[in-house]
Amino acid sequence: MELPWNDPRSNKFATTIGLITSSGPSGTNIMACEWTHHLSYKPGLIAVSLGPTKTTVGNIRHNKEFGINLCGLDQSILSSIAGGYSGNDYDKISALKELGFEFYNAKHIKTLMVKGASLNVECTLYKEITLGDHIMFIGEVIDAIHDPRKQTLFITTENIGLYNH
Ligand SMILES: Cc1cc2nc3c(=O)[nH]c(=O)nc-3n(C[C@H](O)[C@H](O)[C@H](O)COP(=O)(O)O)c2cc1C
């Protein structure tokens, strides 16, 4: 059976929000991804599950690397913009900079990272697996820094409002 988008049974899961940064044919982009999960300690592996139409998919396939920035408690507006608009239609990074959000150049990969996130992880693409109607990109961690002062934003889908994967 299906467990559909916006069904109350799909909205009970507790999660964090990965702000996925990527560069490639669509320029430098950011999207929100609640389906961001730590999979392995050694090597460090993190999975992000993306709908096939996301601009981010083309960027990750092209450059084979991406950034994962765990959204801080004070960054919910950033996540709404990153998750509410397509990089095909909008330059979200420029818009976010205009709103005062800051980015820095990743150390080991060619993209931007989000300043003020609770965790910043630079990943190279380890594996891509299509699972149902989403594509799981597994990233191998090549650098990870955290800010002990920043708390991670925890949500259930029912309290973040409605959005469409
Ligand atoms: C809080 C939040 C969490 C989201 N989680 C996911 C997710 O796990 N997977 C996904 O494919 N889309 C998710 N989305 C939707 C994408 O972020 C959204 O479709 C975005 O516009 C895609 O950006 P892009 O096309 O520029 O890559 C989420 C949106 C929000 C607001």
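In this chain, numbering begins with 1 at the start of the sequence shown. Atoms within each ligand, like the ligands themselves, are counted from 1 in listed order.
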Against heavy atoms of [X], which atoms of ligand 1 measure under 4.0 Å?
{"X": "Gly87", "answer": "24 (P), 25 (O), 26 (O)"}
{"X": "His134", "answer": "11 (O)"}
{"X": "Asn29", "answer": "24 (P), 26 (O), 27 (O)"}
{"X": "Leu50", "answer": "11 (O)"}
{"X": "Trp35", "answer": "8 (O)"}

When you compare ligand 1 with [X], is there at least one nitrogen or oxygen pair between them that comes in under 3.5 angstrom?
{"X": "Ser80", "result": "no"}
{"X": "Ile155", "result": "no"}
{"X": "Asn88", "result": "no"}

Mark yes or no for whether [X], through its side chain, and [Y], through its backbone, hold a donor-acceptor pair below 3.5 Å.
{"X": "Lys92", "Y": "Ala82", "value": "yes"}
{"X": "Asp7", "Y": "Arg9", "value": "yes"}
{"X": "Thr15", "Y": "Glu34", "value": "yes"}

* **ligand 1 contact on Ile17 by region, counting heavy-atom pairs under 4.0 Å** =>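 The part of Ile17 near ligand 1 is the side chain, not the backbone.
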* Mind checking whether Val48 contacts ligand 1 via backbone (N, CA, C, O), side chain (CB onward), both or neither, at a 4.0 Å heavy-atom cut-off? =>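 Near ligand 1, Val48 shows nothing, with every heavy atom at 4.0 Å or more.
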* Ile17 to Ala32 - nearest heavy-atom pair and separation ->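 So the two residues come closest at CG2-CB, 3.9 Å.
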* What heavy-atom pair brings Lys64 and Arg61 nearest, and what distance separates the two atoms? ->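 Nearest pair, atom of Lys64 first, then Arg61: NZ-O, 2.9 Å.
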* Would you indicate whether Tyr41, at its atom OH, is surrounded by more than 12 heavy atoms from other residues, nucleotides or ligands within a distance under 6.0 Å? =>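 No - once you tally the heavy atoms of other residues, nucleotides and ligands closer than 6.0 Å, there are 12 at most.
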* Asked: Can you tell me if Ser49 has a non-hydrogen atom under 4.0 Å from ligand 1?
  ->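 Heavy atoms of Ser49 do come under 4.0 Å of ligand 1.
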* Does Ala82 come within less than 4.0 Å of ligand 1, judged by its heavy atoms? ->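 Right, Ala82 reaches ligand 1.
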* To do: Kindly indicate, with the supporting measurements, whether the criterion side-chain hydrogen bond (donor to acceptor under 3.5 Å, both in side chains) is fulfilled by Thr111 and Thr28.
  => CA-CA 7 Å; Thr111 195; Thr28 298; 4.7 Å; no
* Asked: So, Thr21 versus Asn69: side-chain donor-acceptor pair below 3.5 Å or not?
  ->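 Yes - a donor-acceptor pair under 3.5 Å links their side chains.
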